[in-house]
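Notes to accompany the following structure.
What you are looking at is a predicted structure, and each value in this text was computed from that prediction instead of being measured.
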Amino acid sequence: MRVPGRRTGAAAGRGRRVATATALVCAAGTLLALAAPGAYAEPGPPAPSLEDVHKQVETLYRQAEVATDAYNAASAQQRLQEKNVADIARALTEAQQRLDRLKNQAGALARAQYRNGGMSPQAQLFFAPSPGAFFDGVSLLRKGQQATRDLIAEQTAARAELDRYAKAADERRKRLDADRREKEDAKKEVESRLSAAKELESRLQEKERERLRQLEEEQARQAQEKWLAGQGGVLTGSGATSSEGRQAVAFATAQIGKDYVWGAEGPDTYDCSGLTLKAWAAAGRAIPRTSQEQWRQLPRVDVKDMRPGDLIIYFADASHVGMYVGDGMIVHAPRPGRQVTTTGAGSMPVLGVVRPG
């Protein structure tokens, strides 16, 4: 007789086997889950916010702009050294030709003295047509001796000049090689920073890139408002614009919409100082190539006295420049990926103002 609630031996055995199989399946599932890639992995760092990306991108572009200034300065110095080397090479050739002429003159003089100076004074007196002719010959001999001394002195000076030019040419060539290396190093730095910035931006979706642009514009607007408030309102400039300044502004604003390209001086692309350089060249005024040299060499004026055509230098290292066009605005070439445009004069940290003319 079977007691209710109890299993027969066979039934109990089947139940135990089912339970054991179920437990094994569950255990196997747990082990597979543990072995799966990423199981229990530490969570990665959170994705950077758009503000963080903006800061990183701006930092990289600023570093690229500093390197661009170094590249432009090295390029200008290289052109100067190339001209100096060419000038010295011409002077070296002229000095060598002069020395060769002096050597020929010295040889001719020596041969003449050899022909005429082999006899003793008594023999010369005996063979002379007259005593007067003899004394004329003595006078001529003395003149020849003086000419020889002068020629030797001139030869010595020409040789010293030749040696000086040769030494200068060697020094200039060394400086030229150094300038070329500096230019190449700066170029590599620019390209490295730009590649990093572009790589960061390439990770953004189209909507994020647009938001990044809007964020830049909003920060520039806020900086402009703060700067204007510190200046007491909208700036119009207290000085009358010069005719040169008007020409420079007209040229610069005519370039609006053209792409920024580092190291470019137009006519189709510009970097920041390339734009101001060409604008003032169009007005007939030569200014330094880089924003740093523009800041160092050009006369400075107070912000409250600036007028259209003046150049506003930005950042503590003077690595950016724009041209003031009036009403608190500048025209400038901002950075790679942007075009020549107008913006608030206080949208970036102002270092000071300089006036080319």
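Shortest non-hydrogen contact noted between Val340 and Ala252 is CG1-O, 4.3 Å. Closest approach of Ala67 to Ala186, counting heavy atoms only: O-CB, 3.8 Å. The minimum heavy-atom distance linking Leu351 with Ala316 is given by the pair CD2-O, 4.2 Å. Minimum heavy-atom separation, Trp280 to Gly309: NE1-O, 3.0 Å. Pairing each heavy atom of Ser319 with each of Arg62, the nearest pair is OG-NH1, 2.6 Å. Contact detail for Val190 and Ala64: the closest heavy-atom pair is CG2-O, 3.8 Å.
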With salt bridge (charged side-chain N to carboxylate O under 4.0 Å, His left out) as the test, would you mind laying out the steps for Arg211 and Glu216 before giving the verdict?
-> CA-CA 9 Å; Arg211 284 177 55 210; Glu216 291 176 359; over 6 Å; no
In sequence, state the C-alpha distance, the side-chain angles, and the governing distance for His332 and Cys272, and then conclude on side chain to side chain contact (heavy atoms under 4.5 Å, CB included).
-> CA-CA 6 Å; His332 74 143; Cys272 66; 5.7 Å; no
Might you work through the salt bridge (charged side-chain N to carboxylate O under 4.0 Å, His left out) test for Asp177 and Lys174, ending with a clear yes or no?
-> CA-CA 5 Å; Asp177 289 340; Lys174 289 178 180 177; over 6 Å; no
Check step by step if salt bridge (charged side-chain N to carboxylate O under 4.0 Å, His left out) holds for Glu293 and Arg296.
-> CA-CA 5 Å; Glu293 286 303 302; Arg296 190 175 72 85; 2.8 Å; yes
Between Val331 and Val249, is a side chain to side chain contact (heavy atoms under 4.5 Å, CB included) present by the stated rule, with each step listed?
-> CA-CA 8 Å; Val331 58; Val249 168; over 6 Å; no
Could you walk me through whether Arg300 and Asp305 pass salt bridge (charged side-chain N to carboxylate O under 4.0 Å, His left out), step by step?
-> CA-CA 10 Å; Arg300 300 179 186 180; Asp305 296 326; over 6 Å; no
Going through the checks in order, is the side chain to side chain contact (heavy atoms under 4.5 Å, CB included) test met by Arg307 and Tyr324?
-> CA-CA 7 Å; Arg307 64 193 188 193; Tyr324 187 61; 5.6 Å; no
Do Tyr260 and Asp271 pass the side chain to side chain contact (heavy atoms under 4.5 Å, CB included) test, and can you show the C-alpha distance, the side-chain angles, and the key distance before you say yes or no?
-> CA-CA 5 Å; Tyr260 177 109; Asp271 64 17; 3.7 Å; yes
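Side chain of Gln292 to backbone of Ala318: no donor-acceptor contact under 3.5 angstrom is found. For Arg338 (side chain) and Asp259 (main-chain N/O), no donor-acceptor pair under 3.5 Å exists by modelled atom type. A donor-acceptor pair under 3.5 Å links the side-chain atoms of Tyr314 to the main chain of Ala345, judged by distance alone. A donor-acceptor pair is defined here as one N or O able to donate and one able to accept, closer than 3.5 Å; no such pair exists between the side chain of Glu189 and the backbone of Thr68. With hydrogens and angles disregarded, no donor-acceptor distance shorter than 3.5 Å links the side chain of Ser192 to the backbone of Lys188.
With values rounded to the nearest 0.5 angstrom, Gln255 atom CD is found 10.5 Å from Met323 atom CE. We find the CG-CG distance between Asp302 and Asp310 to be 11.0 Å, quoted to the nearest 0.5 Å. The CD atom of Glu58 lies 5.5 Å from the CZ atom of Arg335; values are rounded to the nearest 0.5 Å. Summarising the geometry, atom OG belonging to Ser242 is positioned 8.0 Å from atom CZ belonging to Arg355; distances are rounded to the nearest 0.5 Å. Taking OG of Ser291 as the start and CG of Leu275 as the end, the distance is 12.5 Å to the nearest 0.5 Å. Residue Glu65 holds its CD atom at 8.5 Å from CG of Asp317, rounded to the nearest 0.5 Å.
For the pair Tyr61/Leu194, a side-chain contact is recorded, criterion being any heavy-atom separation below 4.5 Å from C-beta on. The shortest side-chain heavy-atom distance between Thr342 and Ile256 falls under the 4.5 Å cut-off. Side-chain contact between Gln78 and Glu182 is absent, with no heavy atoms from C-beta onward closer than 4.5 Å. You'll find the side chain of Thr290 stays beyond 4.5 Å of the side chain of Val321, heavy atoms only. At least one side-chain heavy atom of Ile330 sits less than 4.5 Å from a side-chain heavy atom of Thr343. In this structure the side chain of Ile313 never reaches within 4.5 angstrom of the side chain of Val353, judged on heavy atoms. Between Val303 and Trp227 there is a side-chain heavy-atom pair separated by less than 4.5 Å. Within the 4.5 Å cutoff, side-chain heavy atoms of Val354 are placed close to those of Trp295.
Two different hydrophobic clusters hold Val261 and Leu60 under the rule that ILVMFWY side chains link at heavy-atom gaps under 4.5 Å. Hydrophobic clustering (side-chain heavy atoms under 4.5 Å, transitive across Ile, Leu, Val, Met, Phe, Trp, Tyr) keeps Leu277 apart from Val66.
Under the rule for a ring-ring contact (aromatic ring centres under 6.0 Å, His included), the partners of Tyr71 that lie at least two apart in sequence or sit in another chain are Trp262.
Within a 6.0 Å radius of NZ in Lys258, more than 12 heavy atoms belonging to other residues, nucleotides or ligands are found.
Between the side chains of Thr276 and Gln294, at least one donor-acceptor pair of N or O atoms lies under 3.5 Å. Looking at Gln214 and Glu218, their side chains never bring a donor and an acceptor atom within 3.5 Å of each other.
For the pair Arg289 and Glu265, the salt-bridge criterion is met [side-chain N within less than 4.0 Å of a carboxylate O]. The pair Arg180-Glu184 fails the salt-bridge criterion, with no side-chain N (NZ, NE, NH1 or NH2) lying under 4.0 Å from an Asp/Glu carboxylate O.
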